[in-house]
Colleague: 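Take this structure first; my questions come after.
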Amino acid sequence: MTTETHNTNQTTVRGDISRWTQSLIPTTREAPADAETPSHIFLSRAGYIRKVTAGVYAYLPLGYRVLRKVEQIVREEMNATGAGELLLPALMPLELLKPTGRDQDYGDLLITLEDRHGRAQFLGPTHEEVITDTLRAAVSSYKALPLSVYQIQTKYRDEFRPRAGLLRCREFIMKDAYSFHASQQGEAVQDGCIITHGAGGLDETYDRMYQAYVNIFTRCGLDFTVVEAEAGPIGGSASHEFMVNAETGEDTILVCPSTGYAANVEKAEIGERPAPEGGYFCGDPTGDLDTVHTPDCPGIEEVCKLLKVKPANMLKTVVFKANGGQHDGKWILACVRGDQDVNEGKVRDVVGGSVAIGDIAAAKAAGFAIGYVSPAIAAGRDDVVLLVDPDAAVGFDAAKSKPMFWVTGADKPDHHVKHFNWQRDLGGDPEKTATVTSIRNAQAGDPSPRASGVSLEAKRGIEVGHIFKLGDKYSKAMGFEILGKDGERNPVIMGCYGIGVSRTVAACVEQSCDDNGIIWPAPITPYHILVTLIKPDAETIAAADALADQLADSGFDVLIDDRDERPGVKFNDADLIGIPIRLTIGAKALAQNSVELKARTDAGKGSLVPIAEVVERCRTLLDL
RNA sequence: CGGGGUGUAGCGCAGCUUGGUAGCGCGUCUCGUUCGGGACGAGAAGGUCGGAGGUUCGAAUCCUCUCACCCCGACCA
């Protein structure tokens, strides 16, 4: 499926021409004190954005132009999928979230207010409920499906900590799309699973959206990685994240360098980890169990500091409660090495059914000293299932050729034990009590799940897009059912697809800048060409106007720096705002009917180009 | 929300310890000299010192309360 029809057979749209002195481009020499990341610093200094309050920004003319260019690319690609653009309200009644419980689930992230009648309202953080509600009223036959709609709109999330300029805002621009599918001709549910494949099914649209996202981020000139992701609190089954590769990114992703497999840390699978030579749990005790008083140690780190051991020598045990599945109602103990993290999703997969972090009071009543639980407590209890990660199920430290030294909880508050030994302390037969299975987050260096002998590598990224298969979560909760061909009523199957449009702008700067400023990719630059007038007198202004006119006719957006400033100031600002091509008009060049052409990425002054050839040179350079 | 920090001119900061007429750099305005990578000189404008209360003859400075903002953590487009 390709959506690249947008560039062909299209009459060139005339570009825009702006004059610096007539626009609002307030560049500054210094960044605001709170700006730390490159995108925040440069977008502020270059006059693209201004902060209004925490996590809320004004888009000044340059910033708004970039935003609109990204939006336009998004719009074109979304339209190409067949989705219809609409606009839902930002202000909605809180009632709307009651059926799905998200008025509670979203918690403080939701910005709520009361209107003059005392009715509770909220500002939309996302729009599953409204769109489901809207479609429910409008669609009642399978014949109207599948159907996709999208909007580009301001979203509100009262983040605990907005940060890094446009990267994490409380008010931000998002494209959100939703797709609706009839249950597959009455066989929506088969063996308890929703059928999503086949013509008109969720999979088909999901794949099309996936491709549209690839097109969008490619067209924006971004270097990105698509990763498998957990669906998260929004619900549903399969999910992919689109991550812009940037060292400054907040998210860590794991990639297999030989197969291209990529996933976020929560989702990443870990390849086969070879069992220790002597088998799991095998190794002699390193000493007698030694119970140590460890007061005021809320975390692994504090315990390690106090006992002078490494986190890799700790066993960490997290208590879950199974809900459904083969272990329904039992306690699930997930034991991993202290320097690693339990992955709830993997625990759930092993247990079947859902698991939840155990209710602390109930867990304590059941004999678990939360915070000081040892795997040993599982011995002899049939209401407990003990899962041990392979890295923790080790009794002999092969690297050091001696028995493994473990520290773990003492099953009583404020105490830990040294010299824990799997054989001795789990009743002689650990295999009987414990199941060894992969239940931790993947990390760099783990074996790839797709290629043997290859290790996963960690990369940093910024999440700019996320697509989900929602299934019937929302339609079920909100009673959006339709009649199928066979006359049966079934909930509609849904998918949802988001892009952080304003975040994409910032992510691009994070990825594409140097010490002097921004370097825009041609497709989303606010202007393609900056015409710098060394001395803005009548003659050069006339020459600039004529040249700009010609360039605009060829579809280029042109900014003319006609300020009465010294050349050095203009050159520095030119680098700062990051326009891909600078044409410098000075008296000497003009006398030769030429201008100087310099790409933003070039060093030095650039080269002299006859005015007659400028359009062609720019076209080649910008590849438009 | 837990931990740390900051609020003084448009921006960046000093002054606070030890209370006594509010300063510096950048920017802005005027004049002159300049003019190819953030010029120079002379002059000028611009501040309820985040807010409220208190102590004091006197508070940017000390005390109390409050608000805003930033950084680190768990979440997300």
Side-chain angles (χ1 to χ4, degrees), chain A residues 26-37 40-41 44-45 47 50-56 70 74 105-109 124-127 152-177 213 216-217 229-234 239 241-244 249-251 264 266 298-299 301 341 357 461-468 496-507 516-517 532-537 563-576 582 584-589 596 598 603-606:
Chain A
T27 58
T28 62
R29 195 188 287 243
E30 286 179 285
D34 54 37
E36 293 191 333
T37 57
H40 192 186
I41 291 170
S44 300
R45 279 192 54 206
R50 277 296 125 93
K51 185 168 78 179
V52 174
T53 183
V56 179
V70 175
V74 169
D105 292 353
Y106 251 107
D108 292 338
L109 218 55
T126 171
H127 284 74
I152 296 174
Q153 197 217 26
T154 306
K155 296 283 192 270
Y156 297 87
R157 293 184 191 175
D158 201 357
E159 296 283 348
F160 285 135
R161 193 158 84 81
R163 52 169 300 234
L166 296 187
L167 281 176
R168 188 208 297 250
C169 287
R170 297 194 300 160
E171 178 186 290
F172 60 99
I173 312 286
M174 177 172 167
K175 185 283 298 179
D176 47 323
Y213 273 44
I216 288 166
F217 296 121
E230 283 286 347
I234 206 160
S239 161
E241 288 173 351
F242 292 74
M243 314 285 296
V244 166
E250 287 187 272
D251 299 300
N264 67 21
E266 289 78 34
E301 254 175 59
D341 291 310
I357 293 282
I462 300 163
E463 184 187 347
V464 290
H466 201 160
I467 57 180
F468 305 84
C496 83
Y497 317 89
I499 289 180
V501 178
S502 44
R503 179 183 279 183
T504 299
V505 172
N516 299 323
T532 300
L533 306 184
I534 291 296
K535 203 181 182 68
D537 54 21
R563 291 176 298 169
D564 186 19
E565 289 286 350
R566 295 170 63 84
V569 173
K570 296 187 183 187
F571 293 147
N572 282 312
D573 274 351
D575 288 346
L576 182 59
R582 189 183 87 201
T584 310
I585 301 187
K588 273 178 261 171
E596 270 168 35
K598 174 190 167 305
K605 288 178 67 170

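By convention in this document, chain letters (A, B, ...) are assigned in the order of the sequence lines, proteins followed by strands, and residues within each chain are numbered from 1. Since the structure is predicted, the reported quantities are computational estimates derived from the model, not experimental observations.
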Colleague: Do the side chains of R163(A) and E250(A) get close enough for a salt bridge, i.e. N-O under 4.0 angstrom?
Modeller: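 Salt bridge: yes.
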
Colleague: For N264(A) and E241(A), what are the C-alpha separation, side-chain angles and deciding distance, and is it a side-chain contact (heavy atoms from CB on, under 4.5 Å)?
Modeller: CA-CA 8 Å; N264(A) 67 21; E241(A) 288 173 351; 3.3 Å; yes

Colleague: What is the minimum heavy-atom distance between R168(A) and E159(A), and which atoms define it?
Modeller: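 That closest heavy-atom pairing would be NH1-OE1, 3.3 Å.
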
Colleague: Looking at E171(A) and R157(A), does any basic side-chain N land under 4.0 Å from a carboxylate oxygen?
Modeller: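 Looking at E171(A) and R157(A), the cut-off is not met.
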
Colleague: Which residues pass the side-chain contact (heavy atoms from CB on, under 4.5 Å) test with E565(A), sequence neighbours left out?
Modeller: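 E565(A) satisfies side-chain contact (heavy atoms from CB on, under 4.5 Å) with R563(A), V569(A), K570(A) once adjacent residues are dropped.
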
Colleague: Say you pick atom P in G5(B) and the same atom in G46(B); how far apart are they, in whole Å?
Modeller: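 Nearest-Å result for G5(B) against G46(B) at atom P: 37 Å.
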
Colleague: Please give the distance between the C1' atoms of A14(B) and A22(B) as a whole number of Å.
Modeller: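 It works out to 11 Å between them.
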
Colleague: Sort out the partner of G53(B) for me: Watson-Crick or G-U wobble, both distances under 3.5 Å, none otherwise.
Modeller: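 Across all strands, the one nucleotide that pairs with G53(B) is C63(B).
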
Colleague: Please enumerate all protein N or O atoms sitting under 3.5 Å from an N or O of nucleotides 36-38 of chain B, with distances to 0.1 Å.
Modeller:
{"residue": "G36(B)", "atom": "N1", "partner": "E596(A)", "partner atom": "OE1", "Å": "3.2"}
{"residue": "G36(B)", "atom": "N1", "partner": "E596(A)", "partner atom": "OE2", "Å": "2.6"}
{"residue": "G36(B)", "atom": "N2", "partner": "E596(A)", "partner atom": "OE1", "Å": "2.0"}
{"residue": "G36(B)", "atom": "N2", "partner": "E596(A)", "partner atom": "OE2", "Å": "2.9"}
{"residue": "G37(B)", "atom": "O6", "partner": "R582(A)", "partner atom": "NH1", "Å": "3.0"}
{"residue": "G37(B)", "atom": "O6", "partner": "R582(A)", "partner atom": "NH2", "Å": "3.3"}
{"residue": "G37(B)", "atom": "O6", "partner": "G604(A)", "partner atom": "O", "Å": "3.3"}
{"residue": "G37(B)", "atom": "N1", "partner": "D575(A)", "partner atom": "OD2", "Å": "3.3"}
{"residue": "G37(B)", "atom": "N2", "partner": "F571(A)", "partner atom": "O", "Å": "3.3"}
{"residue": "G37(B)", "atom": "N2", "partner": "N572(A)", "partner atom": "OD1", "Å": "3.4"}
{"residue": "G37(B)", "atom": "N2", "partner": "D575(A)", "partner atom": "OD2", "Å": "2.4"}
{"residue": "G38(B)", "atom": "O4'", "partner": "N572(A)", "partner atom": "ND2", "Å": "3.0"}
{"residue": "G38(B)", "atom": "O2'", "partner": "R29(A)", "partner atom": "NH1", "Å": "2.9"}
{"residue": "G38(B)", "atom": "O2'", "partner": "R29(A)", "partner atom": "NH2", "Å": "2.7"}
{"residue": "G38(B)", "atom": "O6", "partner": "R45(A)", "partner atom": "NH2", "Å": "2.9"}
{"residue": "G38(B)", "atom": "N1", "partner": "D573(A)", "partner atom": "OD1", "Å": "3.2"}

Colleague: Could you pull out all residues at least two apart from A164(A) that satisfy side-chain contact (heavy atoms from CB on, under 4.5 Å)?
Modeller: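 With neighbours one apart ignored, the set is T37(A), L167(A).
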
Colleague: Atom CD1 of I499(A) and atom C1' of C76(B): how far apart are they, to the nearest Å?
Modeller: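 Going from CD1 in I499(A) over to C1' in C76(B) covers 16 Å.
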
Colleague: Rounded off to whole Å, could you give me the CD1-to-C1' distance for the I152(A) and A77(B) pair?
Modeller: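 After rounding, the gap between these two atoms is 13 Å.
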
Colleague: For U33(B), what is the paired nucleotide under Watson-Crick or G-U wobble rules, both distances under 3.5 Å?
Modeller: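 With both distances under 3.5 Å, U33(B) matches A39(B).
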
Colleague: Taking C16(B) as the reference, what is the distance to U30(B) when you measure between their P atoms (whole Å, please)?
Modeller: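 Per the computed distance, 37 Å lies between those P atoms.
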
Colleague: Can you name the nearest heavy-atom pair linking C169(A) to G55(A), along with the distance?
Modeller: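 For C169(A) versus G55(A), the nearest heavy atoms are CB-O, 3.3 Å.
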
Colleague: Any strand is fair game: report the nucleotide pairing with U21(B) by Watson-Crick or G-U wobble, both distances under 3.5 Å, or none.
Modeller: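 Base-paired to nothing in any strand shown.
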
Colleague: Using atom CD of E159(A) as one end and atom C1' of C75(B) as the other, report the distance to the nearest whole Å.
Modeller: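 Whole-Å distance recorded here is 7 Å.
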
Colleague: Looking at every strand, decide which applies to A31(A) at a 4.0 Å heavy-atom threshold: base, sugar-phosphate, or nothing.
Modeller: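 Sugar-phosphate: the residue A31(A), judged by heavy atoms under 4.0 Å, touches backbone atoms but no base.
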
Colleague: Roughly how far apart, to the nearest Å, are A42(B) and U6(B) at atom P?
Modeller: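 37 Å, rounded to whole Å.
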
Colleague: Once rounded to the nearest 0.5 Å, what's the spacing between atom CD of E463(A) and atom CD1 of I499(A)?
Modeller: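 Between atom CD of E463(A) and atom CD1 of I499(A) there are 11.5 Å.
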
Colleague: In Watson-Crick or G-U wobble terms, both distances under 3.5 Å, what is the partner of G73(B)?
Modeller: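 Answer to the pairing question: C1(B), which forms a Watson-Crick or G-U pair with G73(B).
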
Colleague: Between U61(B) and U56(B), how far is it from one C1' atom to the other, in whole Å?
Modeller: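 Taking atom C1' in both U61(B) and U56(B), they lie 13 Å apart.
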
Colleague: Whole angstrom is fine here: how far is it from CD1 in I467(A) over to P in C76(B)?
Modeller: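 For the pair I467(A) CD1 and C76(B) P, the rounded distance is 17 Å.
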
Colleague: With heavy atoms under 4.0 Å as the rule, sort P26(A) into base, sugar-phosphate or nothing.
Modeller: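 It contacts nothing in the nucleic acid.
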
Colleague: Mind checking salt bridge (Lys or Arg N to Asp or Glu O under 4.0 Å) for D158(A) and listing every partner two or more places apart, or none if nothing turns up?
Modeller: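 Partners of D158(A) under the salt bridge (Lys or Arg N to Asp or Glu O under 4.0 Å) test: R170(A).
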
Colleague: Please work out if D176(A) contacts a base, only the sugar-phosphate, or nothing of the nucleic acid, heavy-atom cut-off 4.0 Å.
Modeller: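 The residue D176(A) makes no contact with any strand.
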
Colleague: The criterion is ring pair (Phe, Tyr, Trp, His ring centres under 6.0 Å); which residues satisfy it with F242(A), sequence neighbours excluded?
Modeller: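 F242(A) satisfies ring pair (Phe, Tyr, Trp, His ring centres under 6.0 Å) with Y210(A), Y213(A), F217(A) once adjacent residues are dropped.
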
Colleague: Mind calculating the distance between CD (Q153(A)) and P (A77(B)) to the nearest angstrom?
Modeller: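 Rounding to the nearest Å, CD of Q153(A) and P of A77(B) are 15 Å apart.
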
Colleague: Rounded to whole angstroms, how far apart are NZ on K155(A) and P on A77(B)?
Modeller: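 These atoms are roughly 11 Å apart.
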
Colleague: Write down the distance separating the C1' atoms in A9(B) and G25(B), rounded off to the nearest Å.
Modeller: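 Straight-line distance between the two C1' atoms is 12 Å.
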
Colleague: Return the polar atom pairs (N/O with N/O) between nucleotides 69-72 of chain B and the protein under 3.5 Å, or none.
Modeller:
{"residue": "C69(B)", "atom": "OP1", "partner": "T53(A)", "partner atom": "OG1", "Å": "2.6"}
{"residue": "C69(B)", "atom": "OP1", "partner": "A54(A)", "partner atom": "N", "Å": "3.4"}
{"residue": "C69(B)", "atom": "O3'", "partner": "K51(A)", "partner atom": "NZ", "Å": "3.2"}
{"residue": "C70(B)", "atom": "OP1", "partner": "K51(A)", "partner atom": "NZ", "Å": "3.4"}
{"residue": "C72(B)", "atom": "OP2", "partner": "R161(A)", "partner atom": "NH1", "Å": "2.5"}
{"residue": "C72(B)", "atom": "OP2", "partner": "R161(A)", "partner atom": "NH2", "Å": "2.7"}

Colleague: Provide the distance between the two P atoms, one in U18(B) and one in G54(B), to the nearest whole Å.
Modeller: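 Their P atoms lie roughly 24 Å apart.
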
Colleague: Rounded to whole angstroms, how far apart are CG on D158(A) and C1' on C75(B)?
Modeller: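 Nearest whole value for this atom pair: 13 Å.
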
Colleague: Salt bridge between K155(A) and D176(A), side-chain N to carboxylate O under 4.0 Å?
Modeller: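 Yes, this pair counts.
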
Colleague: P32(A) or C169(A): which one's nearest nucleotide on RNA chain B is closer to the 5' end?
Modeller: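 Final value for this comparison: P32(A).
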
Colleague: On a whole-Å scale, what distance lies between the P atoms belonging to G43(B) and G50(B)?
Modeller: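 Approximately 31 Å lies between the P atom of G43(B) and that of G50(B).
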
